[in-house]
K.L.:
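First, the structure itself, so that you have it in front of you.
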Amino acid sequence: MGFRNPQEINGVIKSAVKLADLYLPVKINGDMALLKALEILLIQLEKQNPEKVFDHDFIREKTVGYDAFLKQFEKYELDELCELSGISIEALTIAAEMIAFKKQIIVCWGMGLTQQPNGVDVIREIVNILLLKGSIGKPGAGVCPVRGHSNVQGNRTMMINEKPTEEQLDRLQEFYGFKTPRKHGYDVVRAIKAMHEDNVKLLFSMGGNFLSATPDTSYTASALRKLNLTVSVSTKLNRSHLIHGKEAIILPTLSRSDIDLVNGEAQFITTENSMGVVQSSKGILKPVSDNLINETQIVCRMAMATLGDKSVINWQRYHDSYDAVRDDIEQCIPGFENYNKRAREKGGFYLPNVAREGNFITNQYGDRAPFTLTEIPDNTLGPDEYLMATTRTHDQFNTTIYGLDDRYRGIKNERRVIFMNKTDIEQAGFNSGDKVDLFNYDDNIERIAPLFIIVSYEIPQKNAVTYFPETNVLVSINNVVKDSNMPASKYVKIKIKKHDPKIYERINQL
């Protein structure tokens, strides 16, 4: 509902900045039920106010599947959906009335929605609501997937993808003049499984902390140890440097905040934010060593040492200038025309976005956006089970932990905590502050995260929240999101038991 700057001095009395008019504390994976309940309320409001709630011109001209979409609601009951979501009909009615007569609607979401088994379908349902409202392809309207790291988006744009399209590969092949491989690679989950199956022998990591960022920590660790070689290009030490293959190499590199001088000329990189804006970024800190080189130079030197004159690519040109890299990106990836010029302009530039322009490109429906049909998930739990989601603290960036305080949630000097509903704590015979062990039994395998402290918190009953990456050990490698295959780290069934000091003996036997 509000935000108070955690950087301000403690004790200074200041009111929080208001962020929201309505807060709906939905159950873990109750999102689909909430969205469908919201749609029922909007349909009712449309019947009461014909042509005033839904954008029928937009639906008729830009979409397909509207009638089938409406028909599905014959099988749903509003009160049942509300119960599944954990939100009252009264609160949802307020939400429906807030958006019913508005067209400028932006829906933002983070990984809380996407890292669930039906995460892709949840986003499809969000799009369904925006299609009803005609709230895509106009100023102040649309979808906004929020991602914290500025290059998460950029990696996608630059084809950091295990299965690039034929069109993308054709363009690379035409420009560079070599035959591009067409066989798909592995995503993270499939890569870990492939390591176990001896189908991968080398892991070369450009940054990141593979072990800590991935699910099923013990399973992943055993996969990494099977490799012949692990190579980490890194700006700082992390746990992945300790859990490695038969041989391991760490290649230190400049960080984004370091001054990057090549032949006496300061280089800059570009990043892409959640809004699809590409802009420049230049380091300002003196590197800790004069021997550090940048990531591009590491790759180029490896290529030159390995391929020599056999390569059709001028690796030295890329080695000496980021501008050269950008010049060739411009030739290979649409949307990067005049890349070097526009990257130097204040505020950067927008990438093409067909939805923003009111166009929808789909394989099956041409330039029309389809309404999609989704299902309500079965979130049934056993009497001693809870649904757990992982989250991060204020003093944390991805897997890098800078401090042990979570000022957003009032936690001091601790990370091994589990947030629980007060009623759940009492019914389980626990007290706030008790020490417990956490268990997951997916795939009939016992996974254990030992020694956590219970913290009473205002979250829905039968839900629990812990910190990432401490409880990644509980996330089964097979607990993934349908269609995207990413780990479902916001949907983990767990059991909570009183801490057993001998639990570490059991862990060592696993």
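Source: prediction; values computed, not measured.
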K.L.:
Quiz question: by atom type and distance under 3.5 Å, do the side chains of N118 and N29 form a donor-acceptor pair?
P.N.:
yes
K.L.:
Can you find a heavy atom in the side chain of Y504 that is under 4.5 Å from one in the side chain of L451?
P.N.:
yes
K.L.:
For the residue pair T423 / Q461, report whether a side-chain donor-acceptor contact shorter than 3.5 Å exists.
P.N.:
no
K.L.:
With a sphere of 6.0 Å drawn around CD of E166, does it hold more than 12 non-hydrogen atoms of other residues, nucleotides or ligands?
P.N.:
yes
K.L.:
Does the side chain of H244 come within less than 4.5 Å of L224's, by heavy atoms?
P.N.:
no
K.L.:
Quick one: salt bridge (charged side-chain N to carboxylate O under 4.0 Å, His left out) partners of R225, sequence neighbours excluded?
P.N.:
none
K.L.:
What I want to check is whether the side chains of N472 and T217 have a donor and an acceptor closer together than 3.5 Å.
P.N.:
no
K.L.:
Might you work through the side-chain contact (heavy atoms from CB on, under 4.5 Å) test for K412 and D406, ending with a clear yes or no?
P.N.:
CA-CA 6 Å; K412 300 288 186 182; D406 185 354; over 6 Å; no
K.L.:
Is there a side-chain contact between I425 and I454 (heavy atoms, below 4.5 Å)?
P.N.:
yes
K.L.:
Salt bridge or not for K493 and D442, using N-O below 4.0 Å?
P.N.:
no
K.L.:
With a cut-off of under 6.0 Å to the ring centre and 45° to the axis, is R326 in cation-pi contact with F268?
P.N.:
yes
K.L.:
Does E197 CD have over 12 foreign heavy atoms under 6.0 Å away?
P.N.:
yes
K.L.:
Test T400 against N398 for side chain to side chain donor-acceptor pair (under 3.5 Å), laying out the working first.
P.N.:
CA-CA 6 Å; T400 304; N398 206 336; over 6 Å; no
K.L.:
Starting at CG of L307, measure out to CE of M302 and round the result to the nearest 0.5 Å.
P.N.:
9.5 Å
K.L.:
Quick check against the 3.5 Å criterion: does N273 have a side-chain atom that pairs as donor or acceptor with the backbone of V277?
P.N.:
yes
K.L.:
Flag yes if more than 12 heavy atoms outside E265 fall under 6.0 Å of its CD atom; otherwise flag no.
P.N.:
no
K.L.:
Got a donor-acceptor contact below 3.5 angstrom from the E385 side chain to the K495 backbone?
P.N.:
no
K.L.:
Nearest 0.5 Å, please: how far is CG in D424 from CD1 in I496?
P.N.:
8.0 Å
K.L.:
What pair of heavy atoms forms the shortest contact from C144 to I106, and how long is it?
P.N.:
CB-CG2, 3.9 Å
K.L.:
Do the non-hydrogen side-chain atoms of M159 and L172 ever get within less than 4.5 Å of each other?
P.N.:
yes
K.L.:
May I ask you to check if K497 and F439 form a cation-pi contact, with NZ or CZ under 6.0 angstrom from the six-membered ring centre and within 45° of the axis?
P.N.:
yes
K.L.:
Ignoring hydrogens and angles, state whether a donor on the side chain of Y402 or Q396 is under 3.5 Å from an acceptor on the partner side chain.
P.N.:
no
K.L.:
Could you measure the distance from the NZ atom of K490 to the CG atom of L113? Nearest 0.5 Å is fine.
P.N.:
10.0 Å
K.L.:
Go through the steps for R506 and E446 under the test salt bridge (Lys or Arg N to Asp or Glu O under 4.0 Å), then give the verdict.
P.N.:
CA-CA 10 Å; R506 284 173 61 185; E446 185 177 59; 2.4 Å; yes
K.L.:
Looking only at side-chain N and O atoms, does S255 offer a donor or acceptor that is under 3.5 Å from a partner on T235?
P.N.:
no
K.L.:
Checking D327 against Q331: is there a side-chain donor and acceptor pair closer than 3.5 Å?
P.N.:
no
K.L.:
Run I503 and I448 through side-chain contact (heavy atoms from CB on, under 4.5 Å) and show every step you take.
P.N.:
CA-CA 9 Å; I503 194 69; I448 306 173; 3.8 Å; yes
K.L.:
Does the pair R317/D323 count as a salt bridge with the N-to-O cut at 4.0 Å?
P.N.:
no
K.L.:
Between T374 and E125, do the side chains contain a donor N or O and an acceptor N or O under 3.5 Å apart?
P.N.:
yes
K.L.:
With side chains defined as the heavy atoms from C-beta onward, is the minimum distance between E295 and L254 less than 4.5 Å?
P.N.:
no
K.L.:
Give a yes-or-no answer on whether the side chains of Q116 and D31 include a donor-acceptor pair shorter than 3.5 Å.
P.N.:
yes
K.L.:
Tell me if the NZ atom of K498 is crowded by more than 12 foreign heavy atoms within 6.0 Å.
P.N.:
no
K.L.:
For S311 and G308, indicate whether the former's side chain and the latter's backbone hold a donor-acceptor pair under 3.5 Å.
P.N.:
no
K.L.:
Keeping the roles fixed (side chain from N421, backbone from I459), state whether a donor-acceptor pair exists under 3.5 Å.
P.N.:
yes
K.L.:
Is the side chain of R124 donor-acceptor paired with the backbone N or O of V120 at a distance under 3.5 Å, no angle test?
P.N.:
no
K.L.:
Please round to the nearest 0.5 Å and tell me the distance separating atom OH of Y457 and atom NZ of K422.
P.N.:
15.5 Å
K.L.:
Could you check whether Q173 and R182, counting side-chain N and O atoms only, form a donor-acceptor pair closer than 3.5 Å?
P.N.:
yes
K.L.:
Would you name the heavy atoms of V299 and M206 that are closest together and state the gap between them?
P.N.:
CG2-CE, 3.8 Å
K.L.:
Would T270 and Y339 count as having a side-chain donor-acceptor pair, cut-off 3.5 Å?
P.N.:
yes
K.L.:
Do R407 and T393 pair up side chain to side chain, a donor and an acceptor below 3.5 Å, judged on atom types alone?
P.N.:
no
K.L.:
As an exercise, state the distance from CD1 of I453 to NZ of K435, rounded to the nearest 0.5 Å.
P.N.:
6.5 Å
K.L.:
Heavy-atom count check: over 12 atoms from other residues, nucleotides or ligands less than 6.0 Å from Y350 OH?
P.N.:
no
K.L.:
Is it the case that the side chain of S232 and the backbone of S205 share a donor-acceptor pair, with hydrogens and angles ignored and the cut-off at 3.5 Å?
P.N.:
no
K.L.:
Just how far is it from atom OG1 of T399 to atom CZ of R239, taken to the nearest 0.5 Å?
P.N.:
10.5 Å
K.L.:
Going by an N to O cut-off under 4.0 Å, is there a salt bridge joining K462 and D384?
P.N.:
no
K.L.:
Are any non-hydrogen side-chain atoms of P450 and R416 less than 4.5 angstrom apart?
P.N.:
yes
K.L.:
Grab the two heavy atoms, one from S218 and one from V473, that are nearest each other, plus how far apart they are.
P.N.:
OG-CG2, 3.9 Å
K.L.:
Can you see which heavy atom on G208 is nearest to which on N238, and at what distance?
P.N.:
O-ND2, 3.3 Å
K.L.:
When you compare the side chains of N199 and Y186, does any donor N or O come within less than 3.5 Å of an acceptor on the partner?
P.N.:
no
K.L.:
Return yes if a side-chain donor-acceptor contact under 3.5 Å exists between N479 and S476, otherwise no.
P.N.:
no
K.L.:
Taking all non-hydrogen atoms of both residues into account, name the closest pair between S234 and H241 and its distance.
P.N.:
OG-NE2, 2.9 Å
K.L.:
For F452 together with H499, are the ring centres under 6.0 Å from each other?
P.N.:
no
K.L.:
Go through the steps for F336 and T157 under the test side-chain contact (heavy atoms from CB on, under 4.5 Å), then give the verdict.
P.N.:
CA-CA 10 Å; F336 286 86; T157 307; 3.4 Å; yes
K.L.:
If every non-hydrogen atom of A449 is compared with every non-hydrogen atom of T471, which pair is closest and at what distance?
P.N.:
CB-CG2, 4.5 Å
K.L.:
Around atom CD1 of I284, are there more than 12 heavy atoms of other residues, nucleotides or ligands at under 6.0 Å?
P.N.:
no
K.L.:
Would you mind reporting whether T466 and L438 have side-chain heavy atoms less than 4.5 Å apart?
P.N.:
yes
K.L.:
Using a strict threshold of under 4.0 Å (side-chain N to carboxylate O), is an ion pair present between K286 and D290?
P.N.:
yes
K.L.:
Any heavy-atom pair between the side chains of S456 and M420 that's under 4.5 Å?
P.N.:
no
K.L.:
List the steps and the verdict of side-chain contact (heavy atoms from CB on, under 4.5 Å) for H319 and Q297.
P.N.:
CA-CA 5 Å; H319 179 282; Q297 290 175 321; 3.6 Å; yes
